[in-house]
Amino acid sequence: MARVRRRVARMAAWSVTGLLIVAGVAAATAVGVPSAPKALRPIPRIVGGADAPAGVFPFMAALQQWEGDGYLTICGGTLIAPDEVLTAAHCVDQWAVGQATAGGQPRERVIVGRTVLSSGDGSVRLPEAIRVDPTWDSATETDDAAVLQLDAPVGGVSTPTLPVSGNRGYERPGAPAVTVGWGSTQPQGPTDVGGGVYPDELRQVSLPLVGDGPCQGVFDGKRNPALFPKVMLCAGGDGHHDACTGDSGGPLLTALAGGGWELIGITSWGNGCAVPGTPGVFTRLSAPEIHDFVATSGGSVAFGP
Ligand code: ARG
């Protein structure tokens with residue numbers, strides 16, 4: 001169990017390469033990034049989220065790996081077509097199709113429609129094909145996207161729509177977005193590796209979107225390489241609410257006026273978790289190169305409105 005957690009944690013730690021020198025958290029505060037509220041929050045944990053009621057995120061997927069004595073949820077994902085789950089490239093780059101453990105269990109699996117991990121709810125599927133964005137670069141975390149083709153469709157789930165290519169209309173700075181996941185509920189310093197507290201219950205948190213300029217200001221000179229806003233979108237930064245280790249691959253969503261959700265991002269990386277002045281970073285789904293990658297998967301993914 002620890003092995004995978006360590007691997008996920010390594011990703012999180014990697015993303016702060018270059019920050020170790022500037023360790024000052026205050027240095028990350030930039031104009032336009034929400035500052036920490038003055039009043040102390042009663043529960044300053046992950047990310048300050050709340051339980052996600054069953055049925056609100058029916059498209060949410062848990063990506064699991066067999067760890068000898070059971071399955072460990074390593075990442076999130078989003079059902080974007082009945083037989084396709086969108087996730088982060090760094091979640092599944094080690095996955096392989098058709099691998100079984102010594103005991104005969106599938107090495108990796110995907111669950112859609114489960115809120116409480118320990119329950120038997122939802123549909124269990126196996127990846128039949130794994131498509132990692134061919135331009136994903138683990139060194140810079142650019143184009144952190146992958147599509148899992150499931151071995152059988154999951155029926156009856158209303159999936160979120162994705163932005164049409166180049167449409168940043170859902171990314172107004174300050175607008176609220178929501179991210180969900182089973183990742184760690186504990187804040188984490190920029191240099192912390194490992195640890196974390198992992199909930200059984202799916203958690204949700206609302207995060208204001210952060211403009212490209214301010215977000216670039218946070219990471220420029222502190223992370224090397226810095227942020228690439230063309231394919232990365234920032235949200236949060238108040239020091240109380242954030243995604244964290246284990247949330248990777250999960251959705252960043254905005255609620256549509258007419259009901260339903262627009263999927264605007266994939267949880268990708270951060271500098272610690274809930275560090276004041278430091279937003280979380282998400283793969284930008286409106287970016288033409290990311291859009292094209294998702295669209296060429298050939299499935300019935302809905303773009304729009
Ligand atoms: N890379 C992390 C993972 O593998 C997700 C990091 C998100 N961190 C954040 N502070 N928003 O789960």
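Order of appearance sets the numbers: ligands from 1, and atoms from 1 within every ligand. What you see below is based on every heavy atom in this structure, not just the backbone, and it leaves out hydrogens, waters and symmetry mates.
Close approach to Thr245 involves these atoms of ligand 1, each under 4.0 Å from a residue heavy atom: 12 (O). Counting atoms of ligand 1 from 1 in the listed order, those under 4.0 Å from a heavy atom of His90 are 1 (N), 3 (C), 4 (O). Close approach of ligand 1 to Asp247 is summarised as follows: ligand atoms under 4.0 Å from at least one heavy atom of the residue are 12 (O).
Phe293 has its ring centre no less than 6.0 Å from the ring centre of Trp136.
Every N/O-N/O distance between Val281 and ligand 1 stays at or above 3.5 Å.
When each of Val85, Leu148, Leu86 is checked for a side-chain contact (heavy atoms from CB on, under 4.5 Å) with Leu79, only Val85 meets the rule. Ile290 pairs in a side-chain contact (heavy atoms from CB on, under 4.5 Å) with only one of the listed residues (Leu162, Val231, Thr135), which is Val231.
Proximity annotation for atom 4 (O) of ligand 1: of Ser248, Gly270, Gly280, Ser248 comes nearest, heavy atoms only.
Using a 4.0 Å heavy-atom cutoff, Gly246 is listed among the residues neighbouring ligand 1. Assignment of Gly272 to the shell around ligand 1 is supported, since a heavy atom sits closer than 4.0 Å.
The proximity of Ser268 to ligand 1, defined as any non-hydrogen pair under 4.0 Å, is limited to the backbone. Under 4.0 angstrom from ligand 1, the non-hydrogen atoms of Cys244 all belong to its backbone. At a 4.0 Å heavy-atom cut-off, ligand 1 does not touch Thr278 at all.
Applying the 6.0 Å contact sphere to CZ of Arg168 captures more than 12 heavy atoms from other residues, nucleotides or ligands.
Here the closest heavy-atom approach between residue Pro305 and residue Glu262 is recorded as CD-OE1, 3.4 Å.
The distance from the CG atom of Leu253 to the OG1 atom of Thr78 is 6.5 Å, given to the nearest 0.5 Å.
No donor-acceptor pair under 3.5 Å is formed between the side chain of Thr115 and the backbone N or O of Glu201.
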